[in-house]
Every structure is written in C-alpha cells, then in structure tokens.
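Residue numbers run from 1 in the order of the sequence given.
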Amino acid sequence: LPWPFGPAATLDLNQDGTFDFSFSLGPSICTMDVPTSFCSQPAYVSIARTNSILNQGSYAASVPFGEWIGSSVPSNMAWSISGSTYLFISWHSPRYGTSGIYGPIGEQGEGYLGVRFSSADGDHYGWVYVQGWSIVDWAYETRPNQPIRAGAQPVPVPLSHASVERPGFLRLAAETETGQAYQVQTKESLLDFSWSNLSFALPASSTNTLVDIPMTGQKAFFRVVEAD
C-alpha cells in the first residue's frame, strides 16, 4: 500500500487497460496532547465506475475462504458502490504504549475482499487477497454473472496426450474424476494474460475424458481445468 500523498496502487483485474479498484494509505492524524495519547492512519480501497465491493459496516468485509461471492451475500455483508471505503484503520498510543487495528481485514491480519466489476459482457465476481499491508493475489470468474468462491483458482488437470484423429480437430485426453465437471480453455499465446473458456463444459463419466477441439487458427494452446 503506497504511503500518503503518493499515487494510489491501482488494480486492473481483467487487464483490459482500465483499473477497477485502487488502494492507498491516508495521512496519520494524532491528538495534540503531549505525550500524544492517540494516532490513527486509515487504509482505503476506492471503487472505480460502477464496480462494487462487499462491506461490513464502514469497512471492507473479510470473506471466509471458500465462501461464495455473487449476487447473494451473507446477512452481515452488503455490496457497496460508494467512492471509497475503509480497508482498515491502524492506531497507536505513544502515551500508553498500546496499538491495534480496526476493521475485519486488519484485525485478522489477512483476508479476502469480495469484488464485482463491470465489463463489456456483463458483471464479473472476484476476490482480492490482502495480507498485512500488501495486496498479494486476486482472481475473477471469467463467465459473466457467475459467482466465485473466495480463494478459488483454476486447477489444471494432466493431459495424457493430444492427437489428430479426424481432419480439422485436435483430440485431448484428460485425466478426470468421475462425476466432476471440467472446462476447456484456450489462448493464442502463452504471454496472453488470461485463458478463454470454450463454449461448453465436460461432464466426466470416467477417469479419462476425450474431447475433440476444432482447429480454427494457425496455432493455439489448450488446457483443461476443474469447474465448479
């Protein structure tokens, strides 16, 4: 988190060139008595455009690991579209030698923020992991208007082989778990920021699932990931 009076740290979740949220520290404010009895410094998360963040009162909510982030939210949380909200407020007292942090994220020392941002294809839900004074990691659901679990990340499965069994199609053989659903993803270059979902999911009926992918371009990379 940048120190006061410097530019805020911006976060562009889907790397489309427009930031979705920003993070900053406010100035430290102390009482005028000597020795000082109380000083506080807020950390803020600011919300761009029509995006939203889950709040608990005046603070950003700490979403438990594995909790769904979507249109339905826990009873003690609400989607906020205000310009900014407290990430946490740290305080200390030189007079009494005490200190602490207000807010769910600050009190726990780490936690997941629930976020929602707008894109050309609709709203996307995601999470941002905060640890101490740092933004450590984040992820979002690539399908619009679909919830995501806090902390969820793509889990690629091993591909046993790829082959051409019929003209114009690449056959992938994935090691799967019976009853689990899987998603095929593709990208044109490994340097691209994100993978794109193909328009179908794979329900696995065995421990080895085959799928034929149309070869429509000069080159492409594919992977298969677990799907909720």
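Closest non-hydrogen pair, P94 versus C39, comes out as CD-SG, 4.5 Å. Heavy atoms only, all atoms of each residue included: R149 and G66 are closest at NH1-O, 2.9 Å. P64 approaches A150 most closely through the heavy-atom pair O-CB, 3.4 Å. Nearest heavy atom pair, residue N208 against residue A173, reads OD1-CB, 4.1 Å. In plain terms, the two heavy atoms of L170 and A162 that are nearest each other are CD1-CB, 4.1 Å. Of all heavy-atom pairs spanning D212 and R166, the tightest one is OD2-NE, 3.1 Å.
When each of W138, W68, Y125, Y129 is paired with Y112, the ring-ring contact (aromatic ring centres under 6.0 Å, His included) condition holds for Y129 and for no other. Of the listed residues (I81, D20, L13), just one forms a side-chain contact (heavy atoms from CB on, under 4.5 Å) with N51, and that residue is D20.
Under a hydrophobic-cluster definition in which Ile, Leu, Val, Met, Phe, Trp and Tyr are linked whenever side-chain heavy atoms come within less than 4.5 Å, directly or via other members, F19 and F23 are assigned to different clusters. Linking Ile, Leu, Val, Met, Phe, Trp and Tyr residues whenever their side-chain heavy atoms come within less than 4.5 Å leaves I89 and L87 in two separate clusters. Under the 4.5 Å side-chain heavy-atom criterion for grouping Ile, Leu, Val, Met, Phe, Trp and Tyr, L1 is not connected to W91 through any hydrophobic cluster. Residues V211 and L159 fall within the same hydrophobic cluster, defined by Ile, Leu, Val, Met, Phe, Trp and Tyr side chains chained together at heavy-atom separations under 4.5 Å. A continuous path of ILVMFWY side-chain contacts below 4.5 Å connects V130 to L25, so both sit in one hydrophobic cluster.
Summarising the geometry, atom CG belonging to L210 is positioned 9.0 Å from atom CG belonging to L172; distances are rounded to the nearest 0.5 Å. Here the straight-line distance linking atom CD of Q146 with atom CD of E141 works out to 6.5 Å at 0.5 Å rounding. To the nearest 0.5 Å, the span separating CG on L202 from CD on Q183 amounts to 7.5 Å. Taking CG of L113 as the start and CG of N55 as the end, the distance is 9.5 Å to the nearest 0.5 Å. To the nearest 0.5 Å, atoms OG (S22) and CD1 (I135) are separated by 10.5 Å. Considering OH of Y96 and OG1 of T36, their distance stands at 11.5 Å, rounded to 0.5 Å.
Within the structure, the ring pair (Phe, Tyr, Trp, His ring centres under 6.0 Å) test picks out no pair touching residues 161-185 (sequence neighbours left out). Judged as a disulfide (SG to SG under 2.5 Å), not a single pair has a partner in residues 111-221 (not counting sequence neighbours). Sorted pairs that involve residues 156-204 and meet disulfide (SG to SG under 2.5 Å), not counting sequence neighbours, are lacking altogether.
With sequence neighbours excluded, the residues that form a side-chain contact (heavy atoms from CB on, under 4.5 Å) with S189 are L191, D192. T18 meets the side-chain contact (heavy atoms from CB on, under 4.5 Å) test with D16, R49; sequence neighbours excluded. A search for side-chain contact (heavy atoms from CB on, under 4.5 Å) contacts involving Q15 returns D12, F193, not counting sequence neighbours.
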Side chain to side chain contact (heavy atoms under 4.5 Å, CB included) between S194 and T142: does it pass, once the steps are laid out? CA-CA 9 Å; S194 61; T142 57; 5.6 Å; no

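A donor-acceptor contact closer than 3.5 angstrom is absent between the side chains of S80 and T85.
The neighbour count for Q108 CD, taken as heavy atoms of other residues, nucleotides or ligands under 6.0 Å away, is above 12.
S52 contributes no side-chain N or O that, together with a main-chain N or O of R116, makes up a donor-acceptor pair within less than 3.5 Å. Under a 3.5 Å cut-off, the side chain of H124 and the backbone N or O of F117 do not form any donor-acceptor pair. Proximity of a side-chain donor or acceptor of S37 to a complementary backbone N or O of S93 within less than 3.5 Å is not detected. The backbone N or O of F221 lies less than 3.5 Å from a partner atom in the side chain of T186, making a donor-acceptor pair. Side-chain atoms of Q180 never come within 3.5 Å of backbone atoms of A204 as a donor-acceptor pair (strictly under, hydrogens ignored).
V224 places a side-chain heavy atom less than 4.5 Å from the side chain of V184. Residues F21 and V128 fail the side-chain proximity criterion, which asks for heavy atoms closer than 4.5 Å. For the pair R95 and D33, the minimum side-chain heavy-atom distance is below 4.5 Å. Using a 4.5 Å heavy-atom cutoff, the side chains of D137 and Q153 are in contact. V157 has its side chain out of reach of E175: every pair of non-hydrogen atoms, C-beta onward, lies at least 4.5 Å apart. The closest side-chain heavy-atom distance from E107 to S62 is not below 4.5 Å. In this structure, V136 and E110 have side chains that are not in contact, with every pair of non-hydrogen atoms separated by 4.5 Å or more. Contact annotation: the side chain of I69 never approaches that of P147 to less than 4.5 Å [non-hydrogen atoms, C-beta and beyond].
In this structure, the ring of W133 has its center less than 6.0 angstrom from the ring center of F88. Separation of the Y86 and Y44 ring centroids falls under the 6.0 Å cut-off.
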